[in-house]
Number of protein chains: 2
Amino acid sequence: MVKYRKSISSAVIRRLPRYYRYLSTLLDMGISKISSKDLGNRMGITSSQVRQDFSCFGGYGLQGYGYDVEFLHQEIANILGLNTVRHMIIIGAGSLGTALAKHKEFEKKGFKVIAIFDVKSEIIGQKITEHEIRHLDTLPQFLENNHVDIAILTVPENFGREVAAYITSLGIKAIWNFVPIELKTPSDVIVENIHLIDSLMVLGYNYKNNNNK
Amino acid sequence: MVKYRKSISSAVIRRLPRYYRYLSTLLDMGISKISSKDLGNRMGITSSQVRQDFSCFGGYGLQGYGYDVEFLHQEIANILGLNTVRHMIIIGAGSLGTALAKHKEFEKKGFKVIAIFDVKSEIIGQKITEHEIRHLDTLPQFLENNHVDIAILTVPENFGREVAAYITSLGIKAIWNFVPIELKTPSDVIVENIHLIDSLMVLGYNYKNNNNK
DNA sequence: TAGATTGTTAATCGATTAACAATC
DNA sequence: TAGATTGTTAATCGATTAACAATC
């Protein structure tokens with residue numbers, strides 16, 4: 001079991017999925033051990049950073065040898081909680097919400113969509129994959145009968161704040177927010193933003209200024 | 001006209017869309033001037049950072065007064081190039097590609113989808129919004145007749161590398177990549193990643209560890 | 001003018017990189 | 001054992017924050 005008391009910097013945490021992806025690839029390639037130098041080279045980061053990052057969690061390597069790929073892969077999965085199934089609901093069954101509902105990769109990593117909500121009466125009852133779109137008014141009742149870990153917020157911009165306030169009032173503790181606004185939530189509610197337009201603007205800037213490398 | 005020689009750090013650039021959003025809101029509220037202190041408070045950052053950021057581009061404020069909201073808003077739009085229309089093509093007409101094609105907010109900020117490509121013969125010719133899905137084989141010809149700034153990559157994971165290599169070989173210089181892989185591209189090709197699963201894993205981690213604030 | 005607030009320089013903080021003793 | 005490579009401490013680098021003279 002992994003032990004660590006000091007909180008890990010978010011810079012390190014944001015690199016973990018990337019390590020995880022590279023390690024998955026190595027596994028697929030049948031590579032069973034790797035050094036920090038080799039992994040760093042593949043990922044375009046320094047070996048120091050690789051070792052520094054992993055040592056945050058207690059050190060998974062063997063001096064003179066390197067890291068066991070399968071073990072390291074599994075440990076990162078543990079740290080990220082990929083072995084626990086997380087139940088997600090989607091709020092907003094527009095094209096983006098629908099696309100996320102149809103995305104198969106999330107469930108493979110333990111993130112399972114269990115229901116979809118909207119408020120447009122015309123679409124209530126329609127099916128997306130195996131889920132009928134439910135009316136948002138039925139969410140309180142749904143939460144009584146189902147455990148929900150994460151709400152995916154894909155509502156139109158002008159409803160973002162209101163809906164976020166509503167779902168947090170019902171006890172939702174984690175929001176994956178696709179609405180291009182900053183949500184103000186109680187401090188025990190985790191928000192992770194995907195601000196598509198921000199990302200596109202940064203791309204546009206770098207394209208214009210050729211700021212790549 | 002804005003002048004600056006030294007390249008601006010990417011930390012600053014990534015904050016610009018956020019400033020832009022806040023300034024849009026202020027404009028909507030009819031607020032015409034704002035101090036770095038007030039703006040910082042609203043955004044949850046220090047006034048120092050606000051001033052430091054804007055001073056990278058030459059300083060837009062007036063001592064003793066603050067910043068003119070409309071002017072600042074316009075200047076950030078200029079820096080980000082939002083006044084220039086960028087032509088985008090979508091490669092991969094799955095649910096995610098389709099959702100992005102239907103998204104109306106991009107065009108409002110100058111990012112216009114002009115064509116959609118895929119390779120599945122069953123869907124070639126089908127319409128998404130006003131665009132017929134074209135076969136990827138017709139891309140070279142399309143590029144001869146149309147200016148394209150940005151390619152949005154929404155193909156399945158196993159085709160990501162191949163398709164990226166193909167489109168860069170055809171002269172594409174900017175890729176908005178939704179495929180959960182690292183693209184290796186020539187140094188004059190800009191890549192901006194949206195790694196949905198990475199973001200979700202970070203959310204899962206913070207949810208588990210309640211690492212929010 | 002006096003008060004407010006900028007732009008900028010200096011100080012601090014945190015993250016990355018380098019170095020190396022420990023050890024497999 | 002000798003060579004390789006870790007985990008960790010120290011040095012460097014960059015980004016954020018604080019301070020303040022300039023000035024509207």
Side-chain angles (χ1 to χ4, degrees), chain A residues 2-19 22-23 26 31-73 75-76 79 202 211 213, chain B residues 2-19 22-23 26 31-73 75-76 79 202 211 213:
Chain A
V2 190
K3 280 204 207 141
Y4 43 91
R5 50 245 93 124
K6 242 186 50 195
S7 120
I8 313 293
S9 95
S10 108
V12 174
I13 299 305
R14 293 209 171 267
R15 279 193 291 272
L16 291 181
R18 195 148 168 267
Y19 285 121
Y22 271 90
L23 292 166
L26 291 173
I31 295 174
S32 64
K33 72 155 275 234
I34 192 149
S35 68
S36 58
K37 189 164 163 241
D38 192 355
L39 184 56
N41 282 153
R42 287 169 193 265
M43 296 180 63
I45 60 180
T46 63
S47 63
S48 270
Q49 184 159 68
V50 173
R51 294 199 298 282
Q52 196 70 279
D53 283 351
F54 294 158
S55 78
C56 292
F57 304 98
Y60 298 134
L62 195 63
Q63 272 141 327
Y65 175 84
Y67 299 87
D68 181 276
V69 176
E70 192 171 346
F71 175 70
L72 191 53
H73 185 256
E75 284 299 320
I76 294 178
I79 294 166
V202 171
N211 245 356
K213 336 218 141 132
Chain B
V2 190
K3 279 204 209 145
Y4 45 92
R5 50 246 94 127
K6 241 186 50 194
S7 119
I8 313 293
S9 96
S10 107
V12 174
I13 300 304
R14 294 209 170 265
R15 279 193 291 271
L16 291 181
R18 197 150 166 267
Y19 285 121
Y22 270 89
L23 292 167
L26 291 174
I31 295 173
S32 63
K33 75 155 271 234
I34 191 147
S35 68
S36 59
K37 189 165 164 238
D38 191 356
L39 184 57
N41 282 152
R42 286 170 193 266
M43 296 180 64
I45 60 180
T46 63
S47 62
S48 271
Q49 186 159 68
V50 172
R51 293 198 299 279
Q52 197 70 278
D53 283 351
F54 294 157
S55 78
C56 292
F57 304 97
Y60 298 135
L62 194 63
Q63 273 141 324
Y65 175 84
Y67 298 88
D68 181 277
V69 175
E70 191 170 348
F71 175 70
L72 191 53
H73 184 258
E75 284 300 320
I76 294 178
I79 294 165
V202 171
N211 245 355
K213 335 222 147 127

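By convention in this document, chain letters (A, B, ...) are assigned in the order of the sequence lines, proteins followed by strands, and residues within each chain are numbered from 1.
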Sorted by chain and number, sequence neighbours left out, side-chain contact (heavy atoms from CB on, under 4.5 Å) with B/Lys37 holds for B/Ser35, B/Asn41, B/Ser47
For B/Thr46, enumerate each residue passing the side-chain contact (heavy atoms from CB on, under 4.5 Å) test, keeping only those at least two apart in sequence or located in another chain. B/Ser48, B/Gln49
With a 4.0 Å limit, can you tell me whether A/Arg15 has a side-chain N or O closer than that to the phosphate oxygens OP1/OP2 of C/dA15? no
Distances under 3.5 Å between protein N/O atoms and the N/O atoms of nucleotides 6-13 of chain D, please, pair by pair.
residue, atom, partner, partner atom, Å
D/dT6, OP1, A/Ser36, N, 2.6
D/dT6, OP2, A/Ser36, OG, 2.5
D/dT6, O2, A/Gln63, NE2, 2.9
D/dG7, OP1, A/Tyr60, N, 3.2
D/dG7, OP1, A/Gly61, N, 2.7
D/dG7, OP1, A/Gly61, O, 3.4
D/dG7, OP2, A/Tyr67, OH, 2.7
D/dG7, N7, A/Arg51, NE, 3.0
D/dG7, O6, A/Arg51, NE, 3.2
D/dG7, O6, A/Arg51, NH2, 3.0
D/dT9, O4, A/Gln52, NE2, 3.1

Given atom [atom1] of [X] and atom [atom2] of [N], what is their separation to the nearest angstrom?
{"X": "B/Asp53", "N": "D/dA15", "atom1": "CG", "atom2": "C1'", "result": "10 Å"}
{"X": "B/Ile8", "N": "D/dA15", "atom1": "CD1", "atom2": "C1'", "result": "14 Å"}
{"X": "A/Asp68", "N": "D/dA4", "atom1": "CG", "atom2": "P", "result": "21 Å"}

Holding to ring-ring contact (aromatic ring centres under 6.0 Å, His included), I want the full list of residues that pass it with B/Tyr19, two or more places apart in sequence or in another chain. B/Phe54
Listed partners of B/Phe71 passing ring-ring contact (aromatic ring centres under 6.0 Å, His included), at least two apart: B/Tyr60
How would you list all residue pairs meeting salt bridge (Lys or Arg N to Asp or Glu O under 4.0 Å) that involve [range], not counting sequence neighbours?
{"range": "residues 57-66 of chain B", "answer": "none"}
{"range": "residues 46-62 of chain A", "answer": "A/Arg15-A/Asp53"}
{"range": "residues 57-71 of chain A", "answer": "none"}

Go ahead and write out DNA chain C as dot-bracket, 5' to 3': ( ) for pairs within the strand, [ ] for ones crossing earlier pairs, | when the partner sits on another strand, dots for unpaired; Watson-Crick or G-U wobble, both distances under 3.5 Å. ..||||||||||||||||||||||
